Amino acid sequence: MRTVNVNLGPRSYDIHIGTDVAGGFSTFVETCCPKSRRALVVADTNTAALANELVGRLPYAEVKIIPNGEGSKSAGQLTELWGWMADLATDRHTPLIAVGGGVIGDLAGFAAASFNRGIPLLMVPTTLLSMVDSSVGGKTGINLPQGKNLVGAFHQPRGVWIDTAVLNTLPDREYLSGLAEVLKYGVIMDPVFFAWMEQHTADILSRQADAVAHIVARSCRLKADVVENDEREENGLRMILNYGHTFAHAFESVGGYGHWLHGEAVSAGMMCAARLAEQRGLIGPDLTTRQEELLKKFNLPLTPEPEWSIDEMLRVMRRDKKNVGGKMRFILPTTLGKVEAFDDVPEAVVRDILTP
Ligand SMILES: NC(=O)c1ccc[n+]([C@@H]2O[C@H](COP(=O)([O-])OP(=O)(O)OC[C@H]3O[C@@H](n4cnc5c(N)ncnc54)[C@H](O)[C@@H]3O)[C@@H](O)[C@H]2O)c1
Ligand SMILES: [Zn+2]
């Protein structure tokens, strides 16, 4: 088993990564939460079987299954979870174990952050995206009708348990979408990792166990390196993780959430960002080409849909919450493995990049 330590002082924790490792699960729970004999488990309809299998290994646990999909990251589901926890007389030592993708992680994570002013959280991410992204950083939350992730809290888990074997049931599209974020880590901070992906594309695509364990562990390590230096998104360092995301948020909003998965939007967003960096003279064409080749092999989109209104995309980008002083902010590569923030890109140039 591989371990990635997320070093956050008193909030430090380990991410355990292995394949077919369910046997060690009860020890993991006991080690993370030695004071509790009980556990609460939250899963969605697609991860219920897995949750039940893991629960069978614990001395005493209650399971709550909620409907799958982004719609569950709601105030209604949160209230339901709070009520369930209250009915079970949950005390502040009882861990909440989130078994599922980012939706379950964010929802159950926020329930754990808020119930009794905070109870221990354990995460068992089951999608590639949640393994490489939500398992590091402690962001939890729900959506409002007014917007995504508008209510939430930072609440670091006590531990993360990743069994890559669970990815075998993940639909292709979800898996490929997760690969966009994996590739992102290579472009923003690790040229060696990027080259490794180029050399092992076939193993990655066939979900070969060692290759998957490697991309998950490396991605978690890289994200941890960022989060350890900017735990609460206060000093700007965490911003580099937003590579491709200024564009991606516009694509998700204009295309309608649900048209593209998040990673698909990030893929086209990273292509726009690379083209923009090239246009600004920050990089040569080589980086853009290498990124494009890899994204193509992952079968991910490379450009926004031609029918989307450029004016509307620009409008969304102007009001992106990561902007300062009303200026659009872009994270752009200056070489493979390094990015910087730019807020001086003229709108006409952005318009040009978005034009099919
Ligand atoms: N907290 C963070 O740092 C963070 C980071 C990135 C994304 N997110 C959030 O995560 C959410 C997206 O996460 P996601 O992509 O994991 O989506 P998701 O949780 O909706 O999972 C995608 C689909 O796959 C199903 N599924 C999950 N595991 C499966 C498995 N092993 N086999 C078969 N099906 C499985 C789910 O039921 C769902 O239908 C968004 O709400 C996003 O805001 C949070
Ligand atoms: Zn993302």
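Counting convention: from 1, in listed order, for ligands and their atoms alike. Quantities reported herein were computed from a predicted structural model and do not represent experimental measurements.
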| task | Would you check whether Asn46 has a nitrogen or oxygen atom less than 3.5 angstrom from a nitrogen or oxygen atom of ligand 1? | result | yes
| task | Report yes or no: is the cationic atom of Arg207 (NZ for Lys, CZ for Arg) under 6.0 Å from the centre of the six-membered ring of Tyr175, at an angle within 45° of the ring normal? | result | yes
| Atom CZ of Arg318: over 12 foreign heavy atoms under 6.0 Å | yes
| message | Residue-level breakdown please: for Thr47 versus ligand 1, do any non-hydrogen atoms fall below 4.0 Å on the side chain, on the backbone, on both, or on neither? | response | side chain
| said: Can you report which non-hydrogen protein atom sits closest to atom 43 (O) of ligand 1, along with the distance? | reply: Lys73 NZ, 3.0 Å
| How far is atom 28 (N) of ligand 1 from its nearest protein heavy atom, and which residue and atom name does that atom have? | Thr126 OG1, 2.7 Å
| field | Under 3.5 Å donor-acceptor, Thr289 side chain and Pro285 backbone | value | yes
| task | Quick one: look up the protein heavy atom nearest atom 21 (O) of ligand 1 and list residue, atom name and how far away it is. | result | Thr127 CG2, 3.6 Å
| request: Give the ring-plane orientation class for Phe28 versus His16, where under 30° counts as parallel, over 60° as perpendicular and anything between as tilted. | output: perpendicular
| query | Which ligand 1 atoms does Lys148 reach within 4.0 Å, using its non-hydrogen atoms? | reply | 40 (C), 41 (O), 42 (C), 43 (O)
| request: May I ask you to check if ligand 1 and Pro171 share an N or O to N or O distance below 3.5 Å? | output: no
| note | Per ring-ring contact (aromatic ring centres under 6.0 Å, His included), Phe330 is matched among Phe342, Phe247, Tyr243 by Phe247
| task | Record the part of Thr45 in heavy-atom contact with ligand 1 below 4.0 Å; permitted values are side chain, backbone, both and neither. | result | neither
| task | Can you check the number of protein N/O/S atoms within less than 2.8 Å of the Zn ion (ligand 2)? | result | 3
| query | Quick one: which of Gly152, Ser134, Gly137 has a heavy atom closest to atom 2 (C) of ligand 1? | reply | Ser134
| query | Between His214 and Trp196, what is the ring plane arrangement, given parallel below 30°, perpendicular above 60°, and tilted in between? | reply | tilted
| request: Specify side chain, backbone, both or neither for Asn149, according to which of its non-hydrogen atoms lie closer than 4.0 Å to ligand 1. | output: side chain
| field | Tyr185 side chain near Asp190 side chain, heavy-atom distance below 4.5 Å | value | no
| If you take all heavy atoms of Ala250 and Val316, which pair is closest and at what distance? | CA-CG1, 3.8 Å
| message | Apply side chain to side chain donor-acceptor pair (under 3.5 Å) to residues Thr355 and Asp352 and explain how you reach the verdict. | response | CA-CA 5 Å; Thr355 306; Asp352 208 45; 4.9 Å; no
| task | Report yes or no: does Ser135 contribute a side-chain atom to a donor-acceptor pair with the main-chain N or O of Met131 at less than 3.5 Å? | result | yes
| field | Per atom 26 (N) of ligand 1, closest listed option by heavy atom (Asp163, Val99, Leu170, Val103) | value | Leu170
| said: Which of the numbered atoms in ligand 1 are under 4.0 angstrom from any heavy atom belonging to Asp44? | reply: 36 (C), 37 (O)
| query | By number and element, which atoms of ligand 1 are closer than 4.0 Å to a non-hydrogen atom of Glu174? | reply | 22 (C), 23 (C)
| field | Protein residue, atom and distance nearest to atom 8 (N) of ligand 1, heavy-atom basis | value | Asp106 OD2, 3.8 Å
| What protein heavy atom is closest to atom 14 (P) of ligand 1, reported as residue, atom name and distance in Å? | Gly102 N, 3.5 Å
| message | Please report whether ligand 1 has a polar contact with Ile104, defined as an N or O pair separated by less than 3.5 Å (distance criterion only). | response | no
| task | Could you pull out the closest heavy-atom pair between Asp20 and Asp163, with the gap in Å? | result | N-OD1, 2.7 Å
| request: Mark up the atoms of ligand 1 that fall under 4.0 Å of a heavy atom belonging to Glu70, in ascending order. | output: 40 (C), 41 (O)
| Residue pair Ile97 / Phe25, side-chain heavy-atom distance below 4.5 Å | yes
| query | So does Asp343 have more than 12 non-hydrogen atoms from other groups sitting under 6.0 Å from CG? | reply | yes
| field | Identity and distance of the protein heavy atom lying nearest atom 33 (C) of ligand 1 | value | Thr169 O, 3.2 Å
| Close approach of His262 to ligand 1, heavy atoms, under 4.0 angstrom | no
| Heavy atoms, side chains only, cut-off 4.5 Å: are Thr288 and Arg275 in contact? | yes
| said: Is the ring pair His259/Trp308 parallel, tilted or perpendicular, if the boundaries are 30 and 60 degrees? | reply: perpendicular
| query | Any idea which heavy atoms bring Leu128 and Leu167 closest together, and the distance? | reply | N-CD2, 3.5 Å
| task | Identify, for atom 39 (O) of ligand 1, the protein heavy atom at the shortest distance, and state residue, atom and that distance. | result | Asn68 ND2, 3.0 Å
| said: How far is atom 12 (C) of ligand 1 from the closest protein heavy atom, and which atom is that? | reply: Leu129 CD2, 3.8 Å
